[in-house]
Amino acid sequence: MNQNQQLADLLFPDVSDDLSLLEKKYPPRDLPQGAMVTRFAPSPTGLPHLGNVFTCNVDLRAARKTGGIVYLRIEDTDAKRAVDDGIAKIISMLGEFGLEFDEGPTLDGGEKGNYGPYIQSQRKALYHACAKWLVVQGHAYPCFCSAEELDARREKQTEAQVAAPGYFGEWATCRNLSLDEVKKRLESGQEYVLRLKSPAKEGDKVILKDMVRGEIEFPANIMDIVLLKSDGIPTYHFAHIVDDHFMRTTHVVRGDEWLPSAPVHLQMFELMGWQVPEYIHVAPICKIEGNSKRKLSKRKDPEVGLSYYNELGYPKGAVIEYLTSIANSSFEEWRLANPDAPFESYPFRFENMSVSGAVFDLAKLDDVCKNYFAKLTAEEVYAGYLAWAKIYDADMAARLKADPAYFTAMFAIDRGNEKPRKDLYRWSMVREYYAYFIDEDFEKMTAGGYDLGGLEPKKADMAAALTEYLKIYDPTKDRDEWFAGIKETAAAIGYAPETKLYKKNPELYKGQLSEVAAMVRIALTGRNQTPDLYSITQVLGKDRVTARIQKAIEAVK
Ligand code: GLU
């Protein structure tokens with residue numbers, strides 16, 4: 001038996017180095033030509049934030065538009081930094097944004113998909129099989145150097161003015177340990193890490209093809225990087241190649257902080273004899289501040305945290321549409337050409353991503369949300385608002401549940417027509433916007449009197465107008481009849497029943513038609529400006545209209 005095989009059996013006595021079994025267990029996926037397999041691979045070390053949603057959405061858009069697969073892989077090799085319920089939080093918080101995976105861990109603690117386990121801490125057997133294979137091939141070896149020894153070596157390298165200090169070439173002393181030496185050290189219980197034996201030498205070059213950045217030439221990796229730590233857990237580098245190979249990822253979308261490590265990954269794929277996936281290195285999201293562009297910061301920018309969107313009630317679908325638009329430079333043009341298409345049908349392209357970082361702008365997000373709200377049906381607004389209110393406004397949720405027909409009718413006002421209003425952009429604005437439809441809120445608004453604005457000097461006319469209006473008010477009247485009633489009211493109190501008439505001879509009248517409409521509006525809603533007044537009276541219904549008009553008459557008399 002050759003020395004490498006003996007070393008491999010010594011290090012991994014119970015592990016098979018026959019990778020063909022794994023190849024069979026995780027075969028290439030049976031997908032249509034061109035279908036992408038992407039993955040979102042977070043570490044459960046904190047709550048997901050806007051950057052995660054951005055990257056994950058890119059994974060999803062790419063896979064979905066090609067009829068491919070997107071899976072979730074949990075990279076929990078750093079147990080010390082894991083947070084409680086980290087995995088569940090990742091799944092549920094991304095799920096709230098509509099980011100759902102085809103494969104991966106599930107909320108019930110299980111998982112779906114045939115390429116698992118999808119949690120790295122459960123994949124030790126795979127890493128060890130590949131590690132053993134590398135030892136057999138002579139591409140990996142155990143290193144027993146202690147932290148002190150590594151420090152001392154580093155100092156020597158600094159003295160010797162080694163350009164890039166590290167564990168490599170002739171400095172990599174454990175490369176040359178004999179089998180007997182290794183055996184002795186293992187027997188004495190010495191700890192070791194497994195290192196890659198880099199075949200590259202100084203001056204070698206390697207080219208990374210990145211789908212966003214194009215071809216980038218790097219110096220080849222010459223370091224004997226660590227594959228398995230002393231507890232047998234893989235480093236990111238090793239886990240990345242093993243997982244993305246056996247999970248059959250076609251496109252690796254990841255943060256550009258990994259760009260400098262790409263030469264290590266290319267080298268390892270080559271040593272394993274595996275096909276290199278496509279790489280997409282994503283720059284962090286930025287914002288414009290003054291004249292400069294800077295990365296969004298967790299500390300300075302509250303919009304980085306997902307709770308920001310939850311509490312303010314941004315519609316998640318709109319947030320995702322906006323993130324898609326800033327991820328791809330041609331989105332806006334596509335949107336103009338396809339105003340009504342679902343954003344999911346946008347032909348997402350990695351090549352249209354920004355190298356320097358997508359720019360996030362809250363004002364633009366608000367615009368996208370306004371358009372999003374304007375397209376919802378009344379039923380969708382009701383359902384979306386109820387879902388939000390259940391968490392953030394229990395009192396409102398109870399009201400919504402008690403009278404779905406009333407609130408759905410309210411949401412239907414000025415909706416579903418050619419030019420829907422675009423006032424709303426967050427769920428947290430809804431109650432205030434429609435406050436006069438909620439009796440208690442209306443009471444509070446008008447408890448201290450009505451804000452009459454420019455009509456203040458015409459209080460007596462208002463009392464007269466409302467008294468007339470009450471006489472002719474009939475909820476069965478259609479829009480035209482109702483409007484005729486407003487004109488009659490105007491005429492009855494000496495105001496012009498037509499705008500034209502007033503314009504021609506203002507001296508003949510005490511006021512104009514629009515003022516009468518405003519008086520009714522203020523009495524019914526406490527506001528000067530509202531959506532369509534006729535619709536409002538219809539939704540409020542006879543009892544409320546009558547009571548509110550009477551109350552206003554008393555208040556302005
Ligand atoms: N766990 C790595 C991270 O969160 C994943 C990088 C990757 O997608 O490969 O940065």
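Counting convention: from 1, in listed order, for ligands and their atoms alike. All values derive from a computational prediction rather than experimental measurement.
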Open item on the list: On a heavy-atom basis, which atom in Gly166 and which in Trp171 lie closest, and how many Å separate them?
Closed with: O-CB, 4.1 Å
TODO: For Ser329, check side-chain hydrogen bond (donor to acceptor under 3.5 Å, both in side chains) against everything at least two apart and list the hits.
DONE: none
TODO: For the pair Asp256 and Arg213, find out whether any cationic side-chain nitrogen is under 4.0 Å from an anionic carboxylate oxygen.
DONE: yes
Show which side-chain atoms of residues 281-291 pair as donor or acceptor with protein atoms under 3.5 Å away, not counting sequence neighbours.
unit_1 : atom_1 : unit_2 : atom_2 : d
His281 : ND1    : Asp210 : OD2    : 2.8
His281 : NE2    : Arg254 : NE     : 3.0
His281 : NE2    : Arg254 : NH2    : 3.3
Lys287 : NZ     : Asp301 : OD1    : 3.2
Lys287 : NZ     : Glu303 : OE2    : 3.0
Glu289 : OE1    : Arg294 : NE     : 3.0
Glu289 : OE2    : Arg294 : NE     : 3.3
Glu289 : OE2    : Arg294 : NH2    : 2.9

Task: Lys183: partners by side-chain hydrogen bond (donor to acceptor under 3.5 Å, both in side chains), with sequence neighbours left out - done: none
TODO: Measure from the ring center of His49 to the ring center of Tyr308 and say whether it is less than 6.0 Å.
DONE: no
For ligand 1, run through the N/O pairs with the protein that fall under 3.5 Å and put one pair on each line.
unit_1   : atom_1 : unit_2 : atom_2 : d
ligand 1 : 1 (N)  : Ala41  : O      : 2.9
ligand 1 : 1 (N)  : Ser43  : OG     : 3.3
ligand 1 : 1 (N)  : Glu75  : OE1    : 2.7
ligand 1 : 8 (O)  : Arg39  : NH1    : 2.7
ligand 1 : 8 (O)  : Arg39  : NH2    : 3.4
ligand 1 : 9 (O)  : Arg39  : NH2    : 2.6
ligand 1 : 9 (O)  : Tyr236 : OH     : 2.4
ligand 1 : 10 (O) : Trp258 : NE1    : 3.2

